[in-house]
Amino acid sequence: NHLDIPKNVNFYRALLAVYGETGDVDKTLFAFNCLQLDGFAADGSCYQYAMGACQESSDWEVAVELFKKMVKDGIPINSITFNTVINTCMVAGKWDLGLHFFELMKDMQVPKLESTFNILIDGADISKKPDDALAFFTQAKTAGVSPTIMTFNVLLSALRHKSDEALLGL
């Protein structure tokens, strides 16, 4: 540490955030391991930043392993954590695995946000499942989640192959 920067949890959170944004899973995991080797406990933010690298690189396997480690270590799982792992799975083309985590989210009674449904609708688009996209849109409305412009953007993208009459019949 020749820069005389104190190493503490906030230093590592910032480092994980920077590496996470780049999608460099190897550097992120290195920083995550250094955090622990330096005697600091990883909290939910540290895990989420590490999962962010997985999301950026579509590395669903590492995201799932980090999620399992969070559960094993007793770190509280929140909506953002679930959103990150679901999105990572969906973008990587692991539709069924993403749905598994959505079901787990429901089982654990973690609140589903507008962004959760947007991720699921976008995942349906990626997997070319327009009927599932529409079903998630309906689930969101039933759950009391108000659609935003982002929700309509991902929904209309997923339904772009439907007829205009079908779209206007929403």
Side-chain angles (χ1 to χ4, degrees), residues 1-102 104-105 108 110-128 133 136 140 145 147-158:
N1 188 359
H2 63 281
L3 297 177
D4 197 31
I5 298 173
K7 288 184 181 176
N8 58 31
V9 173
N10 287 329
F11 167 81
Y12 281 108
R13 280 187 195 122
L15 188 60
L16 290 166
V18 169
Y19 286 155
E21 288 175 5
T22 67
D24 190 328
V25 175
D26 291 335
K27 282 185 179 178
T28 304
L29 291 178
F30 178 76
F32 191 83
N33 289 331
C34 286
L35 162 99
Q36 295 172 322
L37 289 172
D38 281 348
F40 302 108
D43 61 9
S45 295
C46 294
Y47 277 96
Q48 287 168 358
Y49 288 132
M51 283 185 193
C54 300
Q55 182 175 310
E56 289 299 315
S57 64
S58 300
D59 194 335
W60 64 273
E61 293 161 312
V62 173
V64 169
E65 288 306 313
L66 286 167
F67 184 92
K68 288 178 182 178
K69 186 168 174 27
M70 281 183 80
V71 172
K72 180 179 164 260
D73 292 349
I75 307 295
I77 309 292
N78 62 26
S79 302
I80 296 169
T81 306
F82 270 108
N83 283 354
T84 303
V85 75
I86 291 169
N87 194 44
T88 303
C89 292
M90 294 292 183
V91 170
K94 298 295 180 182
W95 172 257
D96 291 333
L97 188 58
L99 293 182
H100 164 77
F101 281 101
F102 179 62
L104 185 59
M105 184 181 198
M108 292 175 70
V110 175
K112 291 162 286 307
L113 308 173
E114 177 238 342
S115 55
T116 307
F117 288 103
N118 291 350
I119 289 165
L120 293 164
I121 293 166
D122 190 47
D125 183 21
I126 291 166
S127 297
K128 296 180 178 23
F136 283 122
V145 176
T148 64
I149 189 168
M150 179 58 92
T151 308
F152 285 114
N153 281 341
V154 293
L155 177 64
L156 292 174
S157 178

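Along the sequence shown, residues carry numbers from 1.
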Legend entry - Value rounded to 0.5 Å, distance of CZ in Phe117 from OG1 in Thr148: 13.0 Å

Inset, instruction - If a pair satisfies salt bridge (charged side-chain N to carboxylate O under 4.0 Å, His left out) and one of its residues is in residues 10-37, list it, with sequence neighbours excluded. - result: Arg13-Asp43

Inset, instruction - Would you mind reporting whether Val154 and Asp125 have side-chain heavy atoms less than 4.5 Å apart? - result: no

Inset, instruction - Tell me, please, which residues at least two apart from Tyr49 pass ring-ring contact (aromatic ring centres under 6.0 Å, His included). - result: none

Inset, instruction - Scan residues 29-39 for pairs that pass side chain to side chain donor-acceptor pair (under 3.5 Å), counting only residues two or more places apart or in two chains. - result: Tyr12-Asp38

Table please: side-chain donor-acceptor pairs of residues 91-100 below 3.5 Å, with sequence neighbours left out.
none

Legend entry - Non-hydrogen side-chain atoms of Val145 and Lys112 separated by less than 4.5 Å: no

Inset, instruction - Can you tell me which residue pairs pass the salt bridge (charged side-chain N to carboxylate O under 4.0 Å, His left out) test with a partner in residues 52-65, sequence neighbours excluded? - result: Glu65-Lys68

Inset, instruction - Step through the shown structure and confirm whether more than 12 heavy atoms of other residues, nucleotides or ligands are within 6.0 Å of CE on Met150. - result: no

Inset, instruction - List for me each residue that meets side-chain contact (heavy atoms from CB on, under 4.5 Å) alongside Ser115, sequence neighbours excluded, and say none if there are none. - result: Asn83, Leu113

Legend entry - Working for side-chain contact (heavy atoms from CB on, under 4.5 Å), residues Met51 and Thr88: CA-CA 8 Å; Met51 283 185 193; Thr88 303; 5.9 Å; no

Legend entry - Taking every non-hydrogen atom, the tightest pair across Ala50 and Thr28: CA-CG2, 3.5 Å

Inset, instruction - Report the distance from atom CZ of Phe136 to atom CD1 of Ile119, rounding to the nearest 0.5 Å. - result: 11.5 Å

Inset, instruction - Sorted by first residue and then second, give each salt bridge (charged side-chain N to carboxylate O under 4.0 Å, His left out) pair with at least one member in residues 73-83; sequence neighbours left out. - result: Lys69-Asp73

Inset, instruction - Working to the nearest 0.5 Å, report the span between CG of Leu156 and OG1 of Thr151. - result: 10.5 Å

Inset, instruction - Could you grab the distance from atom CG of Asn118 to atom CZ of Phe152, nearest 0.5 Å is fine? - result: 10.5 Å

Inset, instruction - Drop me the distance from Ile126's CD1 to Cys89's SG, to the nearest 0.5 angstrom. - result: 11.5 Å

Legend entry - Nearest atoms (heavy-atom pairs only) where Leu66 meets Cys54: CD1-SG, 4.1 Å

Legend entry - Test item: Asp122 and Met90 side chains (from C-beta on) under 4.5 Å apart, heavy atoms: no

Legend entry - Contacts of type side-chain hydrogen bond (donor to acceptor under 3.5 Å, both in side chains), residue Gln48, not counting sequence neighbours: Asn78, Thr81

Legend entry - Partner set under ring-ring contact (aromatic ring centres under 6.0 Å, His included) for Tyr47, not counting sequence neighbours: Phe32

Legend entry - Qualifying residues under ring-ring contact (aromatic ring centres under 6.0 Å, His included), relative to Tyr19, sequence neighbours excluded: none

Legend entry - Nearest non-hydrogen partners of Ser57 and Val25, listed with the distance: OG-CG2, 3.1 Å

Inset, instruction - Scan for ring pair (Phe, Tyr, Trp, His ring centres under 6.0 Å) pairs involving residues 50-76, sequence neighbours excluded, and state none if there are none. - result: Phe67-Phe82, Phe67-Phe101

Inset, instruction - Write down the atom of Ala133, the atom of Leu155, and the distance for their closest heavy-atom approach. - result: O-CD1, 3.9 Å

Legend entry - Inter-residue atom distance Leu35.CG - Leu29.CG, 0.5 Å rounding: 12.0 Å

Inset, instruction - Specify the closest pair of heavy atoms between Val9 and Ala41, including all atoms of both residues, with the distance to one decimal. - result: CG2-O, 4.5 Å

Inset, instruction - With sequence neighbours left out, write down each residue that passes side-chain contact (heavy atoms from CB on, under 4.5 Å) with Phe11, or none if nothing qualifies. - result: Ile5, Lys7, Asn8, Leu15

